[in-house]
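All remarks here apply to the structure that follows.
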Amino acid sequence: QKEVEQDPGPLSVPEGAIVSLNCTYSNSAFQYFMWYRQYSRKGPELLMYTYSSGNKEDGRFTAQVDKSSKYISLFIRDSQPSDSATYLCAMSDLDSNYQLIWGAGTKLIIKP
Amino acid sequence: GAVVSQHPSRVICKSGTSVKIECRSLDFQATTMFWYRQFPKQSLMLMATSNEGSKATYEQGVEKDKFLINHASLTLSTLTVTSAHPEDSSFYICSARDLDRLYEQYFGPGTRLTVT
């Protein structure tokens, strides 16, 4: 079993829809939960991160962490074709010097 | 946000030659830099971690004599692929973090290496 599980998709939704992307994990020591967006043939871009449990909102993006369920989510409201990309979750903790443990990435397609 | 550059963005080389890839942090001092490799439709695979002024730490299965990493300054790390072979063809990405925010990694745009 991988430390971080993420459905690779692809996930295809119409423009304007609310998108929900998720990851589950097994290591309860994880403290930081990151979401990266990666366009084709580009490096990942840090979208947002959450420390421990709770919600964090940034514009159309909301990140949620439920440590009791070992489950994290990224919600995208009013999705746009420009949001089409691969979204990777990553997690880290102090004991491993914050080395990122990655999910497989979910390919998201927003249809105009 | 923090900016990391990589050069070159694409390189084609002949089998048996060596290729150097540069990674620079443009607006912060990167005490630690990471080198990743990414195959098509796969996630990132960490190759090595380098701290400024120290020898790099390589992940299991990564040949340190083949992938030479140098982190000579707080803004520059280099990855040299020595005696490249077609199976080394891949997308190589670096990332960097500074001492104040150890949990944040900022990524370069990546380098696509093709070995013919």
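Model, not experiment: these values are computed from the prediction. Every chain is numbered from 1, with letters handed out A, B, ... down the list of sequences.
Hydrophobic clustering (ILVMFWY, side-chain heavy atoms < 4.5 Å, transitive): A:Leu108 and A:Met48 are in one cluster. Cluster membership for A:Leu94 and B:Tyr103, using ILVMFWY side-chain heavy atoms within less than 4.5 angstrom, is shared.
Within the 4.5 angstrom heavy-atom criterion, no atom of B:Arg10 approaches chain A. In this structure, chain B has a heavy atom under 4.5 Å from the side chain of A:Leu88, while its backbone stays farther away. For B:Phe34, no part lies near chain A; criterion is any non-hydrogen pair under 4.5 Å. A:Asn97 touches chain B through backbone and side chain together, each having a heavy atom under 4.5 Å away. In this structure, no portion of B:Gln6 lies under 4.5 Å from any heavy atom of chain A. Residue A:Gln6: no heavy atom, backbone or side chain, is found under 4.5 Å from chain B. Contacts between B:Leu102 and chain A at a heavy-atom distance below 4.5 Å involve backbone atoms as well as side-chain atoms. Of the atoms belonging to A:Tyr36, it is side-chain heavy atoms, and not backbone ones, that fall under 4.5 Å from chain B.
If you look at A:Phe33 and A:Tyr25, their ring centroids are closer than 6.0 Å.
The two residues A:Asp58 and A:Leu47 make their nearest non-hydrogen contact at OD2-O, 4.3 Å. Heavy-atom minimum distance, B:Ala48 versus B:Tyr58: CB-CD2, 3.8 Å.
With chain B as the partner, the residue from A:Gln31, A:Lys107, A:Glu45, A:Met34 showing the most heavy-atom pairs under 4.5 Å is A:Met34.
Using cut-offs of 30° and 60° on the angle between ring planes, the pair A:Tyr98 and A:Tyr32 is perpendicular. In this structure, B:Tyr92 and B:Phe67 have tilted ring planes: the angle between them lies in the 30° to 60° band.
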